[in-house]
Amino acid sequence: MTAAAQPSTRLSIFPLPGALLFPGMHLPLHIFEPRYRAMISDAMARDRRIGMIQPRPVTARDPDRPPLFDLGCVGRIAEFEAMEDGRYNLILEGLSLFRVVRELEVTTQFRQVEARLLPVVADESLALAMRSSLELESRRFAEAQGYQVDWDSVARLDDTAFVNGIAQIAPFDAAAKQALLEAQGLEARAELIVQLLQFFGRHDGEDRVTLQ
């Protein structure tokens, strides 16, 4: 079945800049805003699914309801903790990427879209040279930023988990993150990560990685 033939579905969405989720990966979230607490309560009462998607840069015309990027990822609430003050801690498990068809007119506090789920791609492998390059640049970046990394555990990750894990946690801006989400294939995503790590490593901590 092609992506075009996939049925559409209704998704409650969590627009969060800088936050990516990939199928098979996990994303911890702390939910405190009333509208998103309502969204999580609704999801828990239904199918435990929400859509993670990034908003585009805020515009003066609609700062409280920014437009959305077209591509996001459906996550299932795999772990859930309700706190006494009404906040939630949860972990999302990525299920599949989705493409927004249109935003829906709703009465809920949270936004909802009609979305088309994309087929889940089987795990891919990197060329040995690309894996080595990505590991090298990741080490350089981590050392420059003072991050403590268990490299023995990293070495045991398969290529998909390694690449997508970096894409999720790397401190790039929203446009760069979106470019990683939309990269066509694991090799292309890994190559882009290497370029971003190299670029970021040549600048001090006050600079941001930006893709136009």
Side-chain angles (χ1 to χ4, degrees), residues 1-31 33-59 61-80 88 90-124 160 163-165 167-169 172-186 188-189 192 211:
M1 181 177 290
T2 65
Q6 293 294 308
S8 61
T9 188
R10 187 185 189 102
L11 285 177
S12 302
I13 56 166
F14 188 8
L16 187 60
L20 290 191
L21 179 62
F22 288 90
M25 303 296 290
H26 294 86
L27 179 67
L29 292 171
H30 177 67
I31 308 297
E33 289 188 54
R35 56 181 166 172
Y36 297 127
R37 285 156 49 180
M39 179 187 67
I40 297 303
S41 295
D42 178 74
M44 291 299 295
R46 294 185 300 104
D47 57 8
R48 301 173 73 102
R49 298 189 313 163
I50 62 173
M52 292 300 303
I53 193 166
Q54 291 197 114
R56 295 182 184 272
V58 173
T59 62
R61 184 183 65 181
D62 200 358
D64 296 326
R65 195 181 179 87
L68 305 169
F69 282 105
D70 295 331
L71 191 70
C73 184
V74 180
R76 178 183 178 276
I77 300 171
E79 296 185 25
F80 173 83
Y88 299 126
L90 53 91
I91 295 179
L92 283 186
E93 178 185 8
L95 299 178
S96 67
L97 298 181
F98 69 86
R99 194 166 296 280
V100 174
V101 176
R102 64 187 177 97
E103 184 160 0
L104 301 172
E105 293 293 331
V106 295
T107 58
T108 56
Q109 294 175 277
F110 48 90
R111 299 166 71 176
Q112 299 181 50
V113 298
E114 178 186 349
R116 198 171 300 283
L117 303 183
L118 304 183
V120 177
V121 178
D123 285 348
E124 301 174 80
T160 298
V163 172
N164 292 345
Q168 285 193 187
I169 67 174
F172 306 143
D173 76 351
K177 289 273 196 176
Q178 192 67 24
L180 291 172
L181 187 67
E182 296 186 7
Q184 297 297 307
L186 197 67
R189 184 172 300 127
L192 180 55
L211 291 185

With sequence neighbours left out, the residues meeting side chain to side chain contact (heavy atoms under 4.5 Å, CB included) with Leu104 are Arg10, Arg102, Val106, Gln112, Glu114

Show, in sequence, the C-alpha distance, side-chain angles and deciding distance for Met44 and Ile77, and conclude whether the side chain to side chain contact (heavy atoms under 4.5 Å, CB included) test is met. CA-CA 8 Å; Met44 291 299 295; Ile77 300 171; 3.7 Å; yes

Would Glu105 and Arg111 pass as an ion pair if we require N to O under 4.0 Å? no

Can you tell me how far the CZ atom of Phe98 sits from the CE atom of Met52, to the nearest 0.5 Å? 9.0 Å

Between Asp42 and Arg46, does at least one N-O distance fall below 4.0 Å, as a salt bridge requires? yes

Could you tell me which non-hydrogen atom of Ile13 sits nearest to which non-hydrogen atom of Met39, and how far apart they are? O-SD, 3.3 Å

Nearest-0.5 Å distance, CG of residue Leu180 to CG of residue Asn164: 9.5 Å

If you look at every heavy atom in Gly75 and Leu21, which pair is closest and at what distance? CA-CD2, 3.8 Å

Taking every non-hydrogen atom, the tightest pair across Ala167 and Leu20: O-CD1, 3.8 Å

Whether Arg48 side chain and Ala43 backbone form a donor-acceptor pair below 3.5 Å: no

For a quick test of reading the model, state the closest non-hydrogen atom pair linking Leu97 to Cys73 and the distance between them. CD2-CB, 3.9 Å

Which residues satisfy the side chain to side chain contact (heavy atoms under 4.5 Å, CB included) test with Glu182, sequence neighbours excluded? Leu71, Gln178

Spatial distance of atom CG (Leu27) from atom CG (Leu90) [nearest 0.5 Å]: 8.5 Å

Those residues at least two apart in sequence (or on a different chain) that pass ring-ring contact (aromatic ring centres under 6.0 Å, His included) with Phe14 are Tyr36

Does a side-chain heavy-atom distance below 4.5 Å link Leu68 with Arg56? no

Is there a donor-acceptor pair closer than 3.5 Å between any side-chain N or O of Gln54 and the backbone N or O of Ala174? yes

With Pro17, which residues qualify under side chain to side chain contact (heavy atoms under 4.5 Å, CB included), at least two apart? Pro55

Ser8 side-chain N/O to Arg116 backbone N/O, donor-acceptor pair under 3.5 Å: no

Compare every heavy atom of Phe22 with every heavy atom of Leu181, then report the nearest pair and how far apart it is. CD1-CE2, 3.7 Å

What residues, two or more places apart in sequence or in another chain, satisfy side chain to side chain contact (heavy atoms under 4.5 Å, CB included) together with Thr9? Leu11, Arg49, Leu117

Please report the shortest heavy-atom distance between Gln168 and Lys177, naming the atom on each side. O-NZ, 2.6 Å

Partners passing side-chain hydrogen bond (donor to acceptor under 3.5 Å, both in side chains) against Glu33 (at least two apart in sequence or in another chain): Arg35

